[in-house]
Amino acid sequence: MGLCARALTLSDASFRLQDREKVSRFEPLVAEGGTLRLFDNRITAEARLLEPGTHRLVTQVSILHDLRDASGHADLAVPGITFDKQLQAAQLSSLALGIVSDLKGTVTGSGRIDWNAKGVTSHGQFASKGLDFAAAFGPVTGLSGTIHFTDLLGLVTAPNQSVAIKGINPGIAVSDGVLSYQIKPGHELQVNGAKWPFMDGTLELLPTTMRLGIAETRRYTLKVTGLNAATFVQNLQVGNINATGVFDGEVPLVFDQNGGRIEEGVLRSRDPGGSVAYLGALTYKDLGTMGNFAFQALRSVKYKAMEIDLGGSLSGDILTRIRFDGLSQGDGAKQNFLTKRIAKLPIRFIVNIKAPFFSLFGSVRSLYDPTFVTDPRTLGLIGTDGKPVKTPVLVAPPPPVPSTSSNIQPLDSEKRP
């Protein structure tokens, strides 16, 4: 501290900066090595503001304040905040809680705060060349772009902000998308939408809104348009399955205190339908005469319509119901007197699958390819004679699905053809 020619100087100062709003927008920061000079009714000050837990630099601030008219400004410079295991966004602002976690990458930027007798205004911009993080709807990689704040202190952005997203994985990885959004007054995040190329079609995140920094039920809807079944199967690396058809639909996602879940998701095939075929050899040789007979007859089927219903917990089991309508034998299936008779009947084929979300699509493969699942004989469930081993494990069968049309063969056909 010094006094010279009517100037007051402070050096090597330290202090704690804290948001005094009822709902804190920013977590406290500490300053070290600060300087302040008062001369001719003007105050100039500089300080390095650090996150107290990690002691990392958040921003360098330069302040000018005129005591004669109570006007001034503060310039903020962010040379680079690196997020990793030691520093996360929630340590700088609690508004990030429930939005992002496991943040990795660097953010740079600048801002300015002006004040006078009329009030306070602020603005700024921040950018990143690539952020990775976990979001409610899946892991996000390579988020890049610049965010422009029209009210930096209030965390309000200009309309139609956009960022590029290298990859996102809501269950199946998609890449090279663009997200449009705006942060409105009151910490309301408005997502205008996002779009990615997806299996020869598109995957869209439909518009939604949420409040930052509070616990609430959050809803997202993923819209699938033009999904190509052949490309889908190819991406799953299922070598023994062939599929054709184009699908559209929506998958609503809900996140609350109980976790995330799918509510009434559905994918529907477009006209004229498609086909599903198993190209590999039959692995289990002891299915019996009728088992082998049915396998050869249905190893390739054509459908006029397919509908896939999805529902259940993202962290638990997803219940999937696949309905085939207008079934007929496809290329490679063996015809006989029975299949020729059945071909004259309007048939609906329903498959229920209950599996964890991230292994769901592997279960679809296991319908056709027994090599994809463990041989029950190696688990001691079936003896060498092919008969089930008596165990205390009980597996409840799926509930029956009632027929909704008198023109469709009942599930329980008894002795009728």
Side-chain angles (χ1 to χ4, degrees), residues 1-4 7-21 23-67 70-97 100-116 120-133 144-157 183 212-213:
M1 177 176 177
L3 183 62
C4 179
L8 173 67
T9 302
L10 298 176
S11 60
D12 199 23
S14 61
F15 58 89
R16 180 181 175 89
L17 180 66
Q18 187 167 345
D19 191 351
R20 294 189 295 181
E21 293 290 321
V23 179
S24 297
R25 300 156 295 180
F26 309 100
E27 296 300 303
L29 299 175
V30 296
E32 293 183 356
T35 63
L36 181 146
R37 185 171 186 268
L38 171 61
F39 179 74
D40 194 24
N41 288 320
R42 291 165 63 91
I43 297 175
T44 57
E46 293 185 353
R48 300 172 72 250
L49 299 180
L50 314 174
E51 195 280 321
T54 60
H55 228 61
R56 291 188 187 176
L57 175 65
V58 175
T59 182
Q60 296 174 333
V61 58
S62 298
I63 299 173
L64 172 63
H65 180 73
D66 194 325
L67 295 173
S71 65
H73 65 265
D75 289 315
L76 309 175
V78 179
I81 306 173
T82 298
F83 296 99
D84 53 23
K85 292 183 179 180
Q86 284 72 44
L87 179 62
Q88 289 293 297
Q91 293 169 245
L92 302 181
S93 175
S94 60
L95 298 178
L97 289 171
V100 298
S101 62
D102 196 22
L103 187 61
K104 299 175 183 177
T106 301
V107 173
T108 60
S110 62
R112 183 180 172 101
I113 305 170
D114 293 277
W115 58 86
N116 54 36
V120 179
T121 60
S122 61
H123 64 275
Q125 62 180 26
F126 298 87
S128 176
K129 295 181 178 179
L131 289 174
D132 300 341
F133 57 90
S144 60
T146 302
I147 178 172
H148 300 271
F149 287 97
T150 55
D151 179 0
L152 181 58
L153 293 178
L155 295 178
V156 176
T157 71
I183 303 178
L212 302 178

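Quantities reported herein were computed from a predicted structural model and do not represent experimental measurements. The first residue of the sequence shown is numbered 1, and numbering continues consecutively from there.
In this structure a side-chain-to-backbone donor-acceptor pair under 3.5 Å is missing from Gln88 to Phe83. Of the possible donor and acceptor atoms, one in the side chain of Asp19 sits under 3.5 Å from a partner among the backbone N and O of Arg25. Judged by distance alone, with hydrogens and angles left aside, the side-chain atoms of Thr59 form no donor-acceptor pair with the main-chain N or O of Val61 at under 3.5 Å.
When only modelled atom types and interatomic distance are considered, Ser11 and Thr35 share no side-chain donor-acceptor pair under 3.5 Å. The closest side-chain donor-acceptor pair between Ser122 and Asp114, if any, does not fall under 3.5 angstrom.
Interatomic distance, Glu46 CD to Arg37 CZ, rounded to the nearest 0.5 Å: 12.0 Å. Atom NZ in Lys129 sits 10.5 Å away from atom OG1 in Thr106 (nearest 0.5 Å). Between Ser110 atom OG and Gln60 atom CD the span is 12.0 Å, to the nearest 0.5 Å. Rounded to the nearest 0.5 angstrom, Leu87 CG and Lys104 NZ are separated by 14.0 Å. Within the model, atoms NE2 of His73 and NE2 of His65 stand 12.0 Å from one another, a figure rounded to the nearest 0.5 Å. The distance from atom CG of Leu212 to atom OG of Ser93, rounded to the nearest 0.5 Å, is 8.5 Å.
Counting all heavy atoms, side chain and backbone alike, Gln125 lies closest to Thr146 at CB-CG2, 4.2 Å. Between Phe39 and Ala7 the shortest heavy-atom distance is CD1-CB, 3.7 Å. Smallest separation of non-hydrogen atoms from Val58 and Glu51: CG2-N, 3.7 Å. For the residue pair Ile81 and Leu57, the shortest heavy atom distance occurs at CG1-O, 4.2 Å. The two residues Leu49 and Leu29 make their nearest non-hydrogen contact at CB-CD1, 4.0 Å. Minimum heavy-atom separation, Ile113 to Trp115: O-CZ3, 3.6 Å.
By the 6.0 Å contact criterion, CZ on Arg112 is enclosed, its count of non-hydrogen atoms from other residues, nucleotides or ligands being greater than 12. More than 12 non-hydrogen atoms from other residues, nucleotides or ligands lie less than 6.0 angstrom from CD of Gln91.
Scanning for side chain to side chain contact (heavy atoms under 4.5 Å, CB included) contacts around Ser128 gives Val107, Leu131, with sequence neighbours left out. Taking Ser101 as the reference, Ala134 meet the side chain to side chain contact (heavy atoms under 4.5 Å, CB included) condition, with sequence neighbours excluded.
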Show your reasoning for whether side chain to side chain contact (heavy atoms under 4.5 Å, CB included) applies to Leu92 and Phe26.
-> CA-CA 6 Å; Leu92 302 181; Phe26 309 100; over 6 Å; no

Residue pair Phe133, Asp102: steps toward the side chain to side chain contact (heavy atoms under 4.5 Å, CB included) verdict = CA-CA 5 Å; Phe133 57 90; Asp102 196 22; 5.9 Å; no

Pair Leu67-Ile43, side chain to side chain contact (heavy atoms under 4.5 Å, CB included): steps then yes or no = CA-CA 8 Å; Leu67 295 173; Ile43 297 175; 4.1 Å; yes

